[in-house]
Amino acid sequence: MPPWWQGAVIYQVYPRSFQDSDGDGVGDLPGIVARLDHLVALGVDAVWISPFYPSPMADFGYDVADHCDVDPVFGRLADFDALIAAAHARELRVILDYVPNHTADTHPWFQASRASRSGPKRDWYVWRDPAPDGGPPTNWLSEFGGPAWTFDPVTGQYFYHAYLPQQPDLNWRNPEVQDAMLAVLRFWLDRGVDGFRVDAIHHLVEDACLRDNPPNPDWVPGQSPARRLLRTRTMDQPEVQSAIAAMRRVSNAYPGQRLLIGEAYLPIDRLMAYYGEALGGFHLPFNFHLLSTPWQAEPIAALIRRYEAALPEGAWPNWVLGNHDRSRVASRIGAAQARTAAMLLLTLRGTPTIYQGEELGLTDVPIPPDRVQDPWEKRVPGLGLGRDPVRTPMPWEAGPEGGFTTGTPWLPLGQDHRAASVAAQAGDPGSMLALYRALLALRRREPALALGTIAAVAAEGEVLRYERLDAATGRRLLVLLNLGGAEQGLDRCGTPLLSTHGAPPVAGRLRPHEGLVLAIEAG
Ligand code: NOJ
């Protein structure tokens, strides 16, 4: 039997924007429980919940002030226990966000660390003397704009932060830090979680010799200022691998295959290292390459072939169309192609992750300047880097604020999103939601899709095609995706199982933007 996560579909919940239960305008854990049946009806197997730990919310929960509790805005630990029980009762697995690279600056560890140069927690973070001119020790840049070093007058040294100054980096070279952070994994595993999505893993360790990062010759104005430098000395350092292996040993000690997913935006060849030596690393290093590949048949076919070919022996693939950090897929490629993309995501070989709202075809929501929340947008305004547009609340019903809250939502819902609510789409067989449900049901029915092999990945003009095969039964499926707006001739016959266009396919034709799954005769 393959492990559960290989045949599974994961759904990401961004808890601030999923469902509010107490009218404060921010989603919470009881809200998630109240909406679990949406996930059951959708047909996913696991829910990954972005951070809900106590946090000053400088980065909306990715600045953790206590790894082993729940922020009051999201509820209490008892609500978490209730969530796990409710999810498991529905056979939904629960995956938490684990943020090992940094903490909040309000975390007691950092408070102790910054208090004195000689305190026992000083070395838990990355402190360095100023450069001879008094400036930062290196040229390293923060992902969210400005230098990655902040001077702390209390002790006269700089501390390093890959992200905000309110997110100081932990020093993973310190064994005490490793022990403390591995204990966090055990805390939640003991409470019954089924796995973790590990945040920003490629940032975990920096060059010990403090060498500068080289300039990026490809940077052009308008791109994130952090990209002015190549992150040769601050990302993907060799020591990251031993830390991942240590996390994996912790998860391996628990029964039932607790899943470890790594967040690392890396080229394919480097990403593969994150499966670990003889696969002792992440079960699934997130594959974000569909986010950056031009939405055309040839580049996507090439990506699939390259990614599949690069997988180490025994490694299981995975695919992603979006998350709480990236422009929503329907905005990137348009409403028509978002349907084709859904078919791609759910018929490729590997574990797919759906970002909340993708199943409704939600688009990015323009945020008025006075409602901007994301610190990235505030620090580097005007470049379109802000992530608020992709984090707006889920519309559940037609009513005020889409049924998300009885109060004022922390971010506005899209005006057009109310019409796209779950309730509105649930009764419409032509809706995006209906397509997602049908795709997930098909995936459940067809072992060739959930666990089969993939072959014959090719682009023919604007049509992307590939086959999925269930070796045990010989069942063969052909997936045809028209990534263009023109009708295409169809040279293969077979039994149509599902079209993105709902109505039965036109014989011998692939309609504009149509995706089709056919069962084909063996041989
Ligand atoms: C990646 C997370 O997805 C993002 O939302 C966050 O801001 C950074 N890591 C820092 O934790």
Side-chain angles (χ1 to χ4, degrees), residues 10-18 27 48-67 71 95-107 110 125-126 140-146 148 150 160-170 172 181 184 196-206 224 226-227 231 234-236 240 261-266 271 274 282 284-288 291-292 318 320-328 353-357 364 372-380 385-392 410-411:
I10 301 169
Y11 182 97
Q12 180 191 359
V13 162
Y14 188 71
R16 293 184 72 84
S17 295
F18 198 60
W48 148 38
I49 308 172
S50 286
F52 50 74
Y53 316 112
S55 165
M57 302 290 166
D59 191 21
F60 295 107
Y62 283 96
D63 46 330
V64 179
D66 177 353
H67 293 92
D71 192 279
I95 297 167
L96 299 198
D97 220 305
Y98 172 63
V99 188
N101 179 66
H102 45 268
T103 68
D105 60 350
T106 57
H107 195 297
F110 187 68
Y125 292 82
V126 183
W140 301 346
L141 296 172
S142 153
E143 290 298 314
F144 291 153
T150 291
Y160 173 71
H161 47 90
Y163 296 93
L164 297 173
Q166 296 95 320
Q167 293 169 296
D169 268 47
L170 284 163
W172 269 78
M181 284 306 296
V184 171
F196 300 91
R197 171 268 192 191
V198 182
D199 185 69
I201 190 65
H202 48 325
H203 279 290
L204 203 67
V205 184
E206 300 74 44
S224 168
R227 290 293 95 78
R231 294 168 292 176
T234 46
M235 252 183 41
D236 191 23
V240 173
I261 308 172
E263 188 215 22
Y265 286 87
L266 291 170
L271 190 62
Y274 286 67
F282 290 128
L284 301 174
F286 259 146
N287 167 14
F288 294 121
L291 296 168
S292 49
N318 76 92
V320 167
L321 290 176
N323 57 41
H324 64 294
D325 293 327
R326 300 287 155 148
S327 176
R328 286 177 170 134
T353 300
I354 298 169
Y355 174 51
Q356 73 180 39
D364 298 347
V372 167
Q373 301 277 353
D374 186 11
W376 199 0
E377 180 65 34
K378 289 181 179 170
R379 287 167 59 95
V380 190
L385 299 172
R387 300 162 294 175
D388 295 333
V390 315
R391 296 176 173 180
T392 55
W410 76 290
L411 281 172

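One-based numbering, in listed order, for ligands and for the atoms of each.
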Hey, are D325 and Y355 close enough side-chain-wise for a donor-acceptor pair under 3.5 Å? no

With heavy atoms of R387 as the reference, note each atom of ligand 1 found under 4.0 Å away.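 Atoms satisfying the 4.0 Å criterion: 4 (C), 5 (O), 6 (C), 7 (O).
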
What atoms of ligand 1 come within less than 4.0 Å of a heavy atom belonging to D325? 1 (C), 2 (C), 3 (O), 4 (C), 5 (O)

Can you tell me if [X] has a non-hydrogen atom under 4.0 Å from ligand 1?
{"X": "W376", "value": "no"}
{"X": "H102", "value": "yes"}
{"X": "Q12", "value": "no"}
{"X": "R197", "value": "yes"}

Dump the intermediate steps for side chain to side chain donor-acceptor pair (under 3.5 Å) on S55 and Y62, then the final yes or no. CA-CA 8 Å; S55 165; Y62 283 96; over 6 Å; no

Rounded to the nearest 0.5 Å, what separates atom CZ in F110 from atom CG in D169? 10.5 Å

Under a 4.0 Å heavy-atom limit, does [X] contact ligand 1 with its side chain, its backbone, both, or neither?
{"X": "R391", "answer": "side chain"}
{"X": "H324", "answer": "side chain"}
{"X": "F144", "answer": "side chain"}

Checking a contact table here: which protein heavy atom is nearest atom 7 (O) of ligand 1, and how many Å away?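 Minimum-distance protein heavy atom for atom 7 (O) of ligand 1 reads D59 OD2, 2.5 Å.
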
May I ask you to identify the nearest protein heavy atom to atom 11 (O) of ligand 1, giving residue, atom name and distance to one decimal place in Å?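 Heavy-atom neighbour on the protein nearest atom 11 (O) of ligand 1: D199 OD2, 2.7 Å.
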
Between R387 and D59, is there a salt bridge with N-O shorter than 4.0 Å? yes

Would you say the rings of H203 and H102 are close, in the sense that their centroids are separated by under 6.0 Å?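 Not close enough - the centres of the two rings lie 6.0 Å or further apart.
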
Name the residue from H202, E206, E143 that meets the side chain to side chain donor-acceptor pair (under 3.5 Å) definition with R231.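 Result: among H202, E206, E143, E143 is the only option passing the side chain to side chain donor-acceptor pair (under 3.5 Å) with R231.
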
Output all residues satisfying side chain to side chain donor-acceptor pair (under 3.5 Å) with Y125, sequence neighbours left out; order by chain, then residue number. T103

Report yes or no: does W410 contribute a side-chain atom to a donor-acceptor pair with the main-chain N or O of R16 at less than 3.5 Å?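 Yes, W410 side chain to R16 backbone: donor-acceptor pair under 3.5 Å.
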
